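The structure presented is a predicted model; accordingly, all values stated were derived computationally and were not measured. Chain naming here is simple, since letters A, B, ... match the order of the sequence lines and numbering starts at 1 in each.
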Number of protein chains: 2
Amino acid sequence: MVQKRKSAASPPSSAEAAPVKRRGRPRAYEPDVALAKALDLFRKDGFAGTSLDDLSAATGMNRPSLYGAFGDKRALYIKTYERYRADARAAMQEAFKGDLPLRKRLQRIYAVALDIYLSGEEGPRGCFTVMTAASEAVADPDIRAMVLSGFHELDKAFAICFRSAQETGELPPSADPDVLAQMASATIHTIAIRARARTPRKDLEAIVRGAIDLMCGAGKG
Amino acid sequence: MVQKRKSAASPPSSAEAAPVKRRGRPRAYEPDVALAKALDLFRKDGFAGTSLDDLSAATGMNRPSLYGAFGDKRALYIKTYERYRADARAAMQEAFKGDLPLRKRLQRIYAVALDIYLSGEEGPRGCFTVMTAASEAVADPDIRAMVLSGFHELDKAFAICFRSAQETGELPPSADPDVLAQMASATIHTIAIRARARTPRKDLEAIVRGAIDLMCGAGKG
DNA sequence: GATATATTATGCGAGACGGTATAAAAATCA
DNA sequence: TGATTTTTATACCGTCTCGCATAATATATC
(Lines give C-alpha, C1' and ligand atoms only; values in the text may rest on other atoms or scores of the structure.)
Protein backbone atom coordinates (compact mmCIF):
# COMPACT_ATOMS: atom_id res chain seq x y z
CA MET A 1 0.00 0.00 0.00
CA VAL A 2 1.76 3.11 -1.22
CA GLN A 3 0.64 6.51 -0.15
CA LYS A 4 -0.40 8.31 -3.27
CA ARG A 5 0.05 12.01 -3.87
CA LYS A 6 -0.15 14.10 -0.68
CA SER A 7 2.40 16.86 -1.24
CA ALA A 8 5.66 15.63 0.21
CA ALA A 9 6.13 18.38 2.75
CA SER A 10 2.70 18.45 4.31
CA PRO A 11 2.15 20.17 7.66
CA PRO A 12 2.98 17.55 10.29
CA SER A 13 0.13 18.19 12.70
CA SER A 14 -3.30 18.74 11.18
CA ALA A 15 -4.01 16.61 8.13
CA GLU A 16 -6.82 18.96 7.18
CA ALA A 17 -4.92 22.21 7.43
CA ALA A 18 -4.09 23.58 3.99
CA PRO A 19 -6.58 23.23 1.12
CA VAL A 20 -3.52 22.17 -0.93
CA LYS A 21 -4.36 23.47 -4.38
CA ARG A 22 -4.92 20.32 -6.38
CA ARG A 23 -4.63 20.25 -10.06
CA GLY A 24 -7.72 18.98 -11.85
CA ARG A 25 -11.42 19.52 -11.43
CA PRO A 26 -12.24 19.81 -7.75
CA ARG A 27 -14.17 17.09 -5.96
CA ALA A 28 -17.86 17.62 -5.52
CA TYR A 29 -17.91 15.46 -2.38
CA GLU A 30 -16.05 15.11 0.88
CA PRO A 31 -14.62 11.63 1.21
CA ASP A 32 -15.26 11.56 4.95
CA VAL A 33 -18.94 12.37 4.76
CA ALA A 34 -19.41 10.07 1.77
CA LEU A 35 -17.82 7.23 3.73
CA ALA A 36 -20.09 7.97 6.66
CA LYS A 37 -23.14 7.77 4.40
CA ALA A 38 -21.94 4.50 2.95
CA LEU A 39 -21.40 3.16 6.46
CA ASP A 40 -24.95 4.07 7.36
CA LEU A 41 -26.26 2.10 4.40
CA PHE A 42 -24.11 -0.95 5.01
CA ARG A 43 -25.07 -1.00 8.68
CA LYS A 44 -28.73 -0.86 7.73
CA ASP A 45 -28.87 -3.37 4.89
CA GLY A 46 -25.64 -5.33 5.02
CA PHE A 47 -23.19 -5.98 2.21
CA ALA A 48 -25.34 -8.07 -0.10
CA GLY A 49 -28.43 -5.99 0.55
CA THR A 50 -26.80 -2.71 -0.49
CA SER A 51 -26.35 -1.97 -4.16
CA LEU A 52 -23.91 0.43 -5.75
CA ASP A 53 -26.88 2.46 -6.91
CA ASP A 54 -28.03 2.78 -3.31
CA LEU A 55 -24.55 3.87 -2.31
CA SER A 56 -24.37 6.27 -5.20
CA ALA A 57 -27.68 7.85 -4.29
CA ALA A 58 -26.80 8.13 -0.60
CA THR A 59 -23.36 9.61 -1.10
CA GLY A 60 -24.29 11.83 -4.02
CA MET A 61 -21.35 10.36 -5.91
CA ASN A 62 -22.03 8.51 -9.13
CA ARG A 63 -20.68 5.04 -9.51
CA PRO A 64 -17.45 5.86 -11.35
CA SER A 65 -16.55 8.41 -8.68
CA LEU A 66 -17.31 5.88 -5.98
CA TYR A 67 -15.15 3.37 -7.71
CA GLY A 68 -12.31 5.82 -8.19
CA ALA A 69 -12.40 7.01 -4.60
CA PHE A 70 -12.82 3.77 -2.70
CA GLY A 71 -12.34 0.87 -5.11
CA ASP A 72 -14.94 -1.81 -5.65
CA LYS A 73 -17.84 -2.63 -3.40
CA ARG A 74 -15.87 -4.93 -1.13
CA ALA A 75 -13.06 -2.41 -0.70
CA LEU A 76 -15.62 0.22 0.17
CA TYR A 77 -17.20 -2.10 2.72
CA ILE A 78 -13.85 -2.69 4.35
CA LYS A 79 -13.16 1.05 4.48
CA THR A 80 -16.53 1.70 6.07
CA TYR A 81 -15.83 -1.01 8.61
CA GLU A 82 -12.50 0.57 9.53
CA ARG A 83 -14.27 3.87 9.89
CA TYR A 84 -16.86 2.27 12.15
CA ARG A 85 -14.17 0.78 14.34
CA ALA A 86 -12.36 4.08 14.62
CA ASP A 87 -15.56 5.89 15.55
CA ALA A 88 -16.60 3.25 18.06
CA ARG A 89 -13.13 3.17 19.60
CA ALA A 90 -13.13 6.92 20.00
CA ALA A 91 -16.54 6.87 21.65
CA MET A 92 -15.72 3.99 23.96
CA GLN A 93 -12.23 5.02 24.95
CA GLU A 94 -13.18 7.71 27.41
CA ALA A 95 -15.71 5.44 29.04
CA PHE A 96 -13.04 2.79 29.46
CA LYS A 97 -10.30 5.13 30.56
CA GLY A 98 -12.10 6.99 33.31
CA ASP A 99 -11.01 6.59 36.91
CA LEU A 100 -14.53 5.87 38.05
CA PRO A 101 -15.31 2.90 40.26
CA LEU A 102 -15.92 -0.34 38.38
CA ARG A 103 -19.71 -0.21 38.49
CA LYS A 104 -19.94 3.31 37.18
CA ARG A 105 -17.40 2.62 34.52
CA LEU A 106 -19.32 -0.39 33.24
CA GLN A 107 -22.52 1.61 33.28
CA ARG A 108 -20.95 4.27 31.11
CA ILE A 109 -19.46 1.75 28.72
CA TYR A 110 -22.78 0.07 28.11
CA ALA A 111 -24.58 3.37 27.81
CA VAL A 112 -22.22 4.39 25.02
CA ALA A 113 -22.63 1.01 23.36
CA LEU A 114 -26.41 1.28 23.46
CA ASP A 115 -26.23 4.73 21.91
CA ILE A 116 -24.27 3.25 19.01
CA TYR A 117 -26.46 0.19 18.56
CA LEU A 118 -29.80 1.94 18.84
CA SER A 119 -28.99 4.82 16.51
CA GLY A 120 -30.45 4.83 13.04
CA GLU A 121 -33.41 6.59 11.49
CA GLU A 122 -34.94 3.50 9.97
CA GLY A 123 -34.42 1.16 12.88
CA PRO A 124 -31.58 0.29 15.23
CA ARG A 125 -28.43 -0.55 13.35
CA GLY A 126 -26.80 -2.78 15.94
CA CYS A 127 -23.10 -3.49 16.09
CA PHE A 128 -21.38 -3.52 12.72
CA THR A 129 -18.76 -5.98 13.94
CA VAL A 130 -21.43 -8.43 15.03
CA MET A 131 -23.38 -7.97 11.81
CA THR A 132 -20.29 -8.53 9.72
CA ALA A 133 -19.42 -11.61 11.72
CA ALA A 134 -22.89 -12.95 11.01
CA SER A 135 -22.62 -12.38 7.28
CA GLU A 136 -19.31 -11.92 5.48
CA ALA A 137 -16.88 -13.27 8.05
CA VAL A 138 -17.29 -16.96 7.26
CA ALA A 139 -16.31 -16.81 3.63
CA ASP A 140 -13.93 -13.83 3.50
CA PRO A 141 -10.64 -14.28 5.35
CA ASP A 142 -9.65 -10.61 5.35
CA ILE A 143 -12.97 -9.49 6.72
CA ARG A 144 -12.90 -12.33 9.22
CA ALA A 145 -9.55 -11.14 10.50
CA MET A 146 -10.92 -7.66 11.04
CA VAL A 147 -13.92 -9.00 12.90
CA LEU A 148 -11.77 -11.19 15.11
CA SER A 149 -9.56 -8.23 15.87
CA GLY A 150 -12.66 -6.32 16.87
CA PHE A 151 -13.73 -9.04 19.28
CA HIS A 152 -10.24 -9.28 20.67
CA GLU A 153 -9.89 -5.56 21.19
CA LEU A 154 -13.09 -5.45 23.22
CA ASP A 155 -12.17 -8.53 25.26
CA LYS A 156 -8.81 -7.00 26.08
CA ALA A 157 -10.24 -3.63 27.06
CA PHE A 158 -12.67 -5.29 29.44
CA ALA A 159 -9.95 -7.52 30.85
CA ILE A 160 -7.76 -4.52 31.64
CA CYS A 161 -10.76 -2.89 33.22
CA PHE A 162 -11.43 -5.84 35.54
CA ARG A 163 -7.79 -6.40 36.34
CA SER A 164 -7.34 -2.86 37.51
CA ALA A 165 -10.53 -3.15 39.56
CA GLN A 166 -9.05 -6.21 41.17
CA GLU A 167 -5.89 -4.33 42.02
CA THR A 168 -7.84 -1.58 43.73
CA GLY A 169 -9.71 -4.16 45.74
CA GLU A 170 -13.04 -3.61 44.03
CA LEU A 171 -12.98 -7.24 42.98
CA PRO A 172 -11.79 -10.10 45.22
CA PRO A 173 -8.56 -11.91 44.33
CA SER A 174 -10.61 -15.00 43.52
CA ALA A 175 -12.23 -13.29 40.53
CA ASP A 176 -10.90 -14.09 37.06
CA PRO A 177 -10.61 -10.90 35.01
CA ASP A 178 -10.47 -12.77 31.71
CA VAL A 179 -13.64 -14.71 32.41
CA LEU A 180 -15.37 -11.55 33.53
CA ALA A 181 -14.18 -9.82 30.36
CA GLN A 182 -15.72 -12.52 28.23
CA MET A 183 -19.00 -12.16 30.05
CA ALA A 184 -18.82 -8.41 29.58
CA SER A 185 -18.29 -8.95 25.85
CA ALA A 186 -21.11 -11.47 25.77
CA THR A 187 -23.35 -8.82 27.27
CA ILE A 188 -22.27 -6.44 24.53
CA HIS A 189 -23.06 -9.06 21.91
CA THR A 190 -26.47 -9.95 23.31
CA ILE A 191 -27.63 -6.34 23.47
CA ALA A 192 -26.30 -5.70 19.97
CA ILE A 193 -28.22 -8.65 18.59
CA ARG A 194 -31.39 -7.92 20.50
CA ALA A 195 -31.24 -4.27 19.49
CA ARG A 196 -31.44 -5.35 15.84
CA ALA A 197 -34.72 -7.06 16.66
CA ARG A 198 -36.00 -3.78 18.08
CA THR A 199 -35.91 -4.83 21.72
CA PRO A 200 -36.74 -1.61 23.61
CA ARG A 201 -33.90 0.25 25.23
CA LYS A 202 -35.28 -0.21 28.73
CA ASP A 203 -35.23 -3.99 28.29
CA LEU A 204 -31.65 -3.84 27.10
CA GLU A 205 -30.76 -1.63 30.05
CA ALA A 206 -32.30 -4.21 32.39
CA ILE A 207 -30.08 -6.89 30.87
CA VAL A 208 -27.07 -4.63 31.36
CA ARG A 209 -28.00 -3.97 35.00
CA GLY A 210 -28.29 -7.66 35.74
CA ALA A 211 -25.00 -8.41 34.05
CA ILE A 212 -23.21 -5.67 35.95
CA ASP A 213 -24.60 -6.94 39.25
CA LEU A 214 -23.41 -10.42 38.43
CA MET A 215 -19.96 -9.31 37.33
CA CYS A 216 -19.37 -6.93 40.22
CA GLY A 217 -20.49 -9.45 42.77
CA ALA A 218 -18.28 -12.11 41.29
CA GLY A 219 -15.93 -14.41 43.15
CA LYS A 220 -17.36 -13.75 46.56
CA GLY A 221 -17.72 -17.44 47.26
CA MET B 1 -54.97 -21.21 6.08
CA VAL B 2 -57.00 -24.05 4.69
CA GLN B 3 -55.61 -27.53 4.66
CA LYS B 4 -55.47 -28.58 1.06
CA ARG B 5 -56.02 -32.11 -0.12
CA LYS B 6 -54.66 -34.74 2.32
CA SER B 7 -57.28 -37.48 2.07
CA ALA B 8 -59.85 -36.74 4.73
CA ALA B 9 -59.39 -39.96 6.67
CA SER B 10 -55.63 -40.05 7.01
CA PRO B 11 -54.01 -42.29 9.60
CA PRO B 12 -54.00 -40.27 12.82
CA SER B 13 -50.56 -41.16 14.08
CA SER B 14 -47.78 -41.27 11.52
CA ALA B 15 -48.03 -38.54 8.92
CA GLU B 16 -45.72 -40.52 6.67
CA ALA B 17 -47.59 -43.83 6.76
CA ALA B 18 -49.50 -44.41 3.53
CA PRO B 19 -48.01 -43.29 0.19
CA VAL B 20 -51.58 -42.08 -0.56
CA LYS B 21 -51.82 -42.53 -4.30
CA ARG B 22 -51.93 -38.99 -5.60
CA ARG B 23 -53.34 -38.12 -8.91
CA GLY B 24 -50.93 -36.37 -11.25
CA ARG B 25 -47.28 -36.73 -12.07
CA PRO B 26 -45.36 -37.73 -8.95
CA ARG B 27 -42.95 -35.37 -7.30
CA ALA B 28 -39.31 -35.80 -8.08
CA TYR B 29 -38.27 -34.36 -4.70
CA GLU B 30 -39.04 -34.81 -1.04
CA PRO B 31 -40.19 -31.52 0.45
CA ASP B 32 -38.46 -32.24 3.74
CA VAL B 33 -35.04 -32.84 2.30
CA ALA B 34 -35.42 -29.95 -0.13
CA LEU B 35 -36.26 -27.65 2.78
CA ALA B 36 -33.23 -28.92 4.66
CA LYS B 37 -31.00 -28.14 1.70
CA ALA B 38 -32.49 -24.67 1.40
CA LEU B 39 -31.90 -24.14 5.11
CA ASP B 40 -28.27 -25.09 4.70
CA LEU B 41 -27.85 -22.50 1.97
CA PHE B 42 -29.63 -19.71 3.82
CA ARG B 43 -27.60 -20.42 6.94
CA LYS B 44 -24.41 -20.22 4.95
CA ASP B 45 -25.03 -17.17 2.78
CA GLY B 46 -28.02 -15.39 4.29
CA PHE B 47 -31.18 -14.24 2.56
CA ALA B 48 -29.76 -11.64 0.21
CA GLY B 49 -26.69 -13.71 -0.55
CA THR B 50 -28.63 -16.73 -1.72
CA SER B 51 -30.18 -16.69 -5.19
CA LEU B 52 -33.08 -18.75 -6.44
CA ASP B 53 -30.64 -20.38 -8.84
CA ASP B 54 -28.50 -21.46 -5.90
CA LEU B 55 -31.55 -22.85 -4.15
CA SER B 56 -32.67 -24.56 -7.31
CA ALA B 57 -29.30 -26.20 -7.78
CA ALA B 58 -29.03 -27.29 -4.14
CA THR B 59 -32.51 -28.74 -3.89
CA GLY B 60 -32.58 -30.26 -7.35
CA MET B 61 -35.90 -28.52 -7.92
CA ASN B 62 -36.18 -26.03 -10.73
CA ARG B 63 -37.48 -22.60 -9.94
CA PRO B 64 -41.13 -23.10 -10.84
CA SER B 65 -41.23 -26.19 -8.63
CA LEU B 66 -39.64 -24.27 -5.80
CA TYR B 67 -42.16 -21.53 -6.21
CA GLY B 68 -45.06 -23.97 -6.32
CA ALA B 69 -43.91 -25.88 -3.28
CA PHE B 70 -42.84 -23.10 -0.94
CA GLY B 71 -43.95 -19.79 -2.41
CA ASP B 72 -41.57 -16.95 -3.15
CA LYS B 73 -38.09 -16.52 -1.75
CA ARG B 74 -39.20 -14.82 1.43
CA ALA B 75 -41.83 -17.46 2.15
CA LEU B 76 -39.21 -20.14 1.63
CA TYR B 77 -36.87 -18.34 4.00
CA ILE B 78 -39.55 -18.23 6.66
CA LYS B 79 -40.28 -21.93 6.20
CA THR B 80 -36.61 -22.80 6.53
CA TYR B 81 -36.43 -20.71 9.68
CA GLU B 82 -39.38 -22.55 11.19
CA ARG B 83 -37.69 -25.79 10.31
CA TYR B 84 -34.49 -24.62 11.96
CA ARG B 85 -36.33 -23.71 15.12
CA ALA B 86 -38.09 -27.05 15.23
CA ASP B 87 -34.81 -28.92 14.76
CA ALA B 88 -32.97 -26.84 17.33
CA ARG B 89 -35.82 -27.18 19.81
CA ALA B 90 -35.82 -30.95 19.41
CA ALA B 91 -32.07 -31.14 19.93
CA MET B 92 -32.06 -28.83 22.94
CA GLN B 93 -35.11 -30.15 24.69
CA GLU B 94 -33.56 -33.27 26.13
CA ALA B 95 -30.57 -31.31 27.35
CA PHE B 96 -32.91 -28.90 29.12
CA LYS B 97 -35.26 -31.51 30.49
CA GLY B 98 -32.78 -33.85 32.11
CA ASP B 99 -32.72 -34.23 35.88
CA LEU B 100 -29.01 -33.66 36.01
CA PRO B 101 -27.47 -31.19 38.44
CA LEU B 102 -27.36 -27.61 37.19
CA ARG B 103 -23.73 -27.65 36.14
CA LYS B 104 -24.01 -30.79 34.11
CA ARG B 105 -27.21 -29.64 32.54
CA LEU B 106 -25.67 -26.37 31.39
CA GLN B 107 -22.67 -28.22 30.07
CA ARG B 108 -24.90 -30.43 27.94
CA ILE B 109 -26.98 -27.53 26.71
CA TYR B 110 -23.94 -25.63 25.51
CA ALA B 111 -22.42 -28.74 23.98
CA VAL B 112 -25.54 -29.22 21.87
CA ALA B 113 -25.56 -25.55 20.93
CA LEU B 114 -21.93 -25.71 19.82
CA ASP B 115 -22.69 -28.75 17.70
CA ILE B 116 -25.38 -26.78 15.91
CA TYR B 117 -23.33 -23.62 15.49
CA LEU B 118 -20.12 -25.27 14.36
CA SER B 119 -21.69 -27.62 11.83
CA GLY B 120 -21.33 -26.85 8.15
CA GLU B 121 -19.05 -28.16 5.46
CA GLU B 122 -17.94 -24.76 4.23
CA GLY B 123 -17.49 -23.12 7.58
CA PRO B 124 -19.46 -22.84 10.83
CA ARG B 125 -22.99 -21.72 10.20
CA GLY B 126 -23.71 -20.14 13.56
CA CYS B 127 -27.18 -19.61 14.95
CA PHE B 128 -29.81 -18.93 12.35
CA THR B 129 -31.86 -16.87 14.79
CA VAL B 130 -28.91 -14.62 15.53
CA MET B 131 -28.04 -14.31 11.85
CA THR B 132 -31.59 -13.44 10.96
CA ALA B 133 -31.72 -10.88 13.73
CA ALA B 134 -28.59 -9.30 12.30
CA SER B 135 -29.98 -9.07 8.79
CA GLU B 136 -33.69 -9.28 8.01
CA ALA B 137 -35.19 -8.59 11.43
CA VAL B 138 -34.91 -4.80 11.35
CA ALA B 139 -36.96 -4.22 8.24
CA ASP B 140 -39.35 -7.16 8.20
CA PRO B 141 -41.92 -7.22 11.03
CA ASP B 142 -42.98 -10.84 10.53
CA ILE B 143 -39.44 -12.11 10.57
CA ARG B 144 -38.66 -9.86 13.50
CA ALA B 145 -41.50 -11.40 15.47
CA MET B 146 -40.15 -14.89 14.82
CA VAL B 147 -36.69 -13.87 15.94
CA LEU B 148 -38.00 -12.26 19.10
CA SER B 149 -39.98 -15.39 19.85
CA GLY B 150 -36.77 -17.37 19.43
CA PHE B 151 -34.93 -15.19 21.93
CA HIS B 152 -37.85 -15.34 24.33
CA GLU B 153 -38.13 -19.11 24.12
CA LEU B 154 -34.49 -19.52 25.03
CA ASP B 155 -34.64 -16.98 27.85
CA LYS B 156 -37.64 -18.77 29.29
CA ALA B 157 -36.10 -22.21 29.07
CA PHE B 158 -33.00 -21.00 30.91
CA ALA B 159 -35.11 -19.21 33.52
CA ILE B 160 -37.05 -22.38 34.26
CA CYS B 161 -33.76 -24.20 34.51
CA PHE B 162 -32.32 -21.79 37.06
CA ARG B 163 -35.54 -21.52 39.01
CA SER B 164 -35.72 -25.25 39.52
CA ALA B 165 -32.06 -25.29 40.52
CA GLN B 166 -32.87 -22.66 43.10
CA GLU B 167 -35.69 -24.80 44.46
CA THR B 168 -33.40 -27.78 44.88
CA GLY B 169 -30.92 -25.61 46.72
CA GLU B 170 -28.30 -25.69 44.01
CA LEU B 171 -28.56 -21.93 43.82
CA PRO B 172 -28.91 -19.63 46.83
CA PRO B 173 -32.20 -17.77 47.37
CA SER B 174 -30.40 -14.53 46.64
CA ALA B 175 -29.81 -15.54 43.03
CA ASP B 176 -32.10 -14.05 40.38
CA PRO B 177 -33.10 -16.75 37.87
CA ASP B 178 -34.18 -14.23 35.25
CA VAL B 179 -30.89 -12.39 35.35
CA LEU B 180 -28.99 -15.65 35.21
CA ALA B 181 -31.14 -16.71 32.26
CA GLN B 182 -30.22 -13.57 30.37
CA MET B 183 -26.56 -14.22 31.02
CA ALA B 184 -26.99 -17.77 29.84
CA SER B 185 -28.61 -16.48 26.66
CA ALA B 186 -25.88 -13.91 26.25
CA THR B 187 -23.36 -16.74 26.40
CA ILE B 188 -25.30 -18.52 23.67
CA HIS B 189 -25.25 -15.39 21.57
CA THR B 190 -21.57 -14.70 22.01
CA ILE B 191 -20.51 -18.22 21.06
CA ALA B 192 -22.87 -18.15 18.07
CA ILE B 193 -21.35 -14.91 16.83
CA ARG B 194 -17.78 -15.94 17.49
CA ALA B 195 -18.34 -19.29 15.84
CA ARG B 196 -19.20 -17.46 12.61
CA ALA B 197 -15.78 -15.83 12.75
CA ARG B 198 -14.25 -19.30 13.00
CA THR B 199 -13.19 -19.05 16.62
CA PRO B 200 -11.95 -22.57 17.45
CA ARG B 201 -14.21 -24.85 19.44
CA LYS B 202 -11.82 -25.06 22.36
CA ASP B 203 -11.90 -21.28 22.78
CA LEU B 204 -15.68 -21.29 22.72
CA GLU B 205 -15.70 -24.10 25.26
CA ALA B 206 -13.46 -22.04 27.51
CA ILE B 207 -15.94 -19.17 27.33
CA VAL B 208 -18.71 -21.58 28.21
CA ARG B 209 -16.76 -22.96 31.18
CA GLY B 210 -16.14 -19.50 32.56
CA ALA B 211 -19.76 -18.51 32.13
CA ILE B 212 -20.98 -21.65 33.87
CA ASP B 213 -18.62 -21.05 36.78
CA LEU B 214 -19.89 -17.54 37.11
CA MET B 215 -23.55 -18.49 36.89
CA CYS B 216 -23.30 -21.45 39.25
CA GLY B 217 -21.37 -19.49 41.82
CA ALA B 218 -23.86 -16.64 41.67
CA GLY B 219 -25.43 -14.87 44.60
CA LYS B 220 -23.06 -16.21 47.20
CA GLY B 221 -22.31 -12.76 48.56
C1' DG C 1 -4.94 31.26 -24.44
C1' DA C 2 -3.29 26.34 -24.78
C1' DT C 3 -2.19 22.16 -22.42
C1' DA C 4 -2.24 18.85 -18.74
C1' DT C 5 -4.67 16.91 -15.01
C1' DA C 6 -8.38 15.36 -12.18
C1' DT C 7 -12.86 14.87 -11.54
C1' DT C 8 -17.90 14.42 -12.95
C1' DA C 9 -21.56 12.79 -15.92
C1' DT C 10 -23.68 9.65 -19.23
C1' DG C 11 -24.50 5.42 -20.49
C1' DC C 12 -23.34 0.85 -22.12
C1' DG C 13 -22.90 -4.18 -21.63
C1' DA C 14 -22.90 -8.76 -20.14
C1' DG C 15 -24.76 -11.18 -16.74
C1' DA C 16 -27.58 -12.27 -12.55
C1' DC C 17 -31.87 -11.45 -10.35
C1' DG C 18 -36.84 -12.93 -8.97
C1' DG C 19 -40.78 -14.47 -10.95
C1' DT C 20 -43.89 -16.57 -14.38
C1' DA C 21 -45.94 -18.22 -18.80
C1' DT C 22 -46.05 -22.09 -21.58
C1' DA C 23 -45.25 -26.66 -23.03
C1' DA C 24 -43.89 -31.38 -22.12
C1' DA C 25 -44.13 -35.45 -19.13
C1' DA C 26 -46.03 -38.84 -15.97
C1' DA C 27 -49.27 -40.47 -13.18
C1' DT C 28 -54.63 -41.65 -12.06
C1' DC C 29 -59.40 -42.09 -13.44
C1' DA C 30 -63.08 -43.14 -16.63
C1' DT D 1 -57.53 -45.88 -24.96
C1' DG D 2 -58.53 -41.10 -23.91
C1' DA D 3 -59.34 -37.31 -20.59
C1' DT D 4 -57.80 -35.22 -16.34
C1' DT D 5 -54.62 -33.84 -13.05
C1' DT D 6 -50.26 -32.74 -11.15
C1' DT D 7 -45.66 -31.99 -11.66
C1' DT D 8 -41.45 -31.05 -14.37
C1' DA D 9 -38.78 -28.64 -17.87
C1' DT D 10 -37.71 -24.83 -20.91
C1' DA D 11 -37.63 -20.39 -21.86
C1' DC D 12 -38.62 -15.81 -21.33
C1' DC D 13 -39.72 -11.09 -19.13
C1' DG D 14 -38.41 -6.78 -17.19
C1' DT D 15 -35.39 -5.24 -13.76
C1' DC D 16 -31.42 -4.74 -11.33
C1' DT D 17 -26.42 -5.80 -10.72
C1' DC D 18 -21.40 -4.42 -10.94
C1' DG D 19 -17.94 -2.57 -13.36
C1' DC D 20 -16.03 0.26 -16.92
C1' DA D 21 -15.48 3.01 -21.36
C1' DT D 22 -16.20 7.30 -23.02
C1' DA D 23 -17.07 12.05 -23.11
C1' DA D 24 -17.83 16.41 -20.83
C1' DT D 25 -16.34 19.71 -17.27
C1' DA D 26 -13.49 22.36 -14.25
C1' DT D 27 -9.25 23.51 -12.29
C1' DA D 28 -3.88 24.45 -12.34
C1' DT D 29 0.23 25.14 -15.01
C1' DC D 30 2.80 26.73 -18.86
Side-chain angles (χ1 to χ4, degrees), chain A residues 2-8 10 18-35 37-38 41-42 45-80 135-136 139-140, chain B residues 2-8 18-35 37-38 41-42 45-80 135-136 139-140 143:
Chain A
V2 181
Q3 185 97 355
K4 275 196 287 190
R5 223 161 304 111
K6 180 182 231 182
S7 61
S10 67
V20 180
K21 291 225 168 169
R22 297 158 54 87
R23 202 138 125 88
R25 175 171 175 170
R27 282 184 175 142
Y29 63 92
E30 292 179 55
D32 277 1
V33 321
L35 199 60
K37 295 279 190 188
L41 265 194
F42 277 137
D45 297 325
F47 179 80
T50 305
S51 73
L52 284 187
D53 278 336
D54 296 336
L55 293 163
S56 180
T59 59
M61 305 165 63
N62 37 35
R63 281 206 302 284
S65 292
L66 263 180
Y67 198 83
F70 303 112
D72 68 6
K73 193 183 173 185
R74 177 173 171 278
L76 173 55
Y77 187 83
I78 291 176
K79 286 192 172 67
T80 62
S135 50
E136 316 308 318
D140 191 314
Chain B
V2 181
Q3 185 97 355
K4 275 196 286 189
R5 224 161 304 111
K6 179 182 237 185
S7 61
V20 180
K21 292 227 168 166
R22 295 157 55 88
R23 203 143 123 85
R25 174 171 177 171
R27 281 184 176 143
Y29 63 92
E30 292 179 57
D32 277 1
V33 321
L35 200 60
K37 296 278 190 188
L41 265 194
F42 277 137
D45 297 325
F47 179 81
T50 305
S51 72
L52 283 187
D53 279 336
D54 296 335
L55 293 163
S56 180
T59 59
M61 304 164 63
N62 37 37
R63 279 206 303 282
S65 293
L66 263 180
Y67 199 83
F70 304 113
D72 67 7
K73 191 184 176 186
R74 178 173 170 278
L76 173 56
Y77 187 84
I78 291 177
K79 287 192 172 66
T80 62
S135 49
E136 316 308 317
D140 190 314
I143 293 181

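Comparing A:Met61 and B:Ser51 against DNA chain C, the residue whose closest nucleotide sits nearer the 5' end is A:Met61. Each of B:Gly49 and B:Pro26 was matched to the nucleotide of DNA chain C holding its nearest heavy atom; the match closer to the 5' end belongs to B:Gly49. Along DNA chain D, the nucleotide nearest A:Asp54 and the nucleotide nearest A:Pro64 are compared for position; the residue whose nucleotide lies closer to the 5' end is A:Asp54. Along DNA chain D, the nucleotide closest to B:Gly60 and the one closest to A:Lys73 are compared, and the more 5′ of them pairs with B:Gly60.
In this entry the distance linking CG of A:Leu52 with P of D:dC18 reads 4 Å, nearest Å. Rounded to a whole Å, the OH atom of A:Tyr77 is 14 Å from the P atom of D:dC18. Atoms CZ (A:Arg74) and P (D:dG19) sit 11 Å apart, rounded to a whole Å. Spacing between atom CG of B:Leu76 and atom P of C:dG19 amounts to 10 Å, rounded to whole angstrom units. Between the C1' atom of C:dT7 and the CZ atom of A:Arg63 lies a distance of 17 Å, rounded to the nearest Å.
Residue B:Thr50 is in sugar-phosphate contact alone, with no base atom involved, counting any heavy-atom pair closer than 4.0 Å across all strands shown.
Residue A:Ser65 places at least one side-chain N or O closer than 4.0 Å to OP1 or OP2 of C:dT8.
Listed candidates were C:dT10, C:dC17, C:dT7. Nearest to the side chain of A:Asn62 is C:dT10. Comparing D:dG19, C:dC29, D:dT7 by their nearest atom to the side chain of B:Tyr29 picks out D:dT7. The side chain of A:Tyr67 has D:dC20 as its nearest neighbour among C:dA4, D:dC20, D:dG19. For A:Arg27, whose side chain is taken as the heavy atoms from C-beta onward, the closest listed nucleotide among D:dG19, C:dT7, C:dG18 is C:dT7.
Looking at B:Lys79, its side chain never comes within 3.5 Å of a backbone N or O of B:Gly71 through a donor-acceptor pair.
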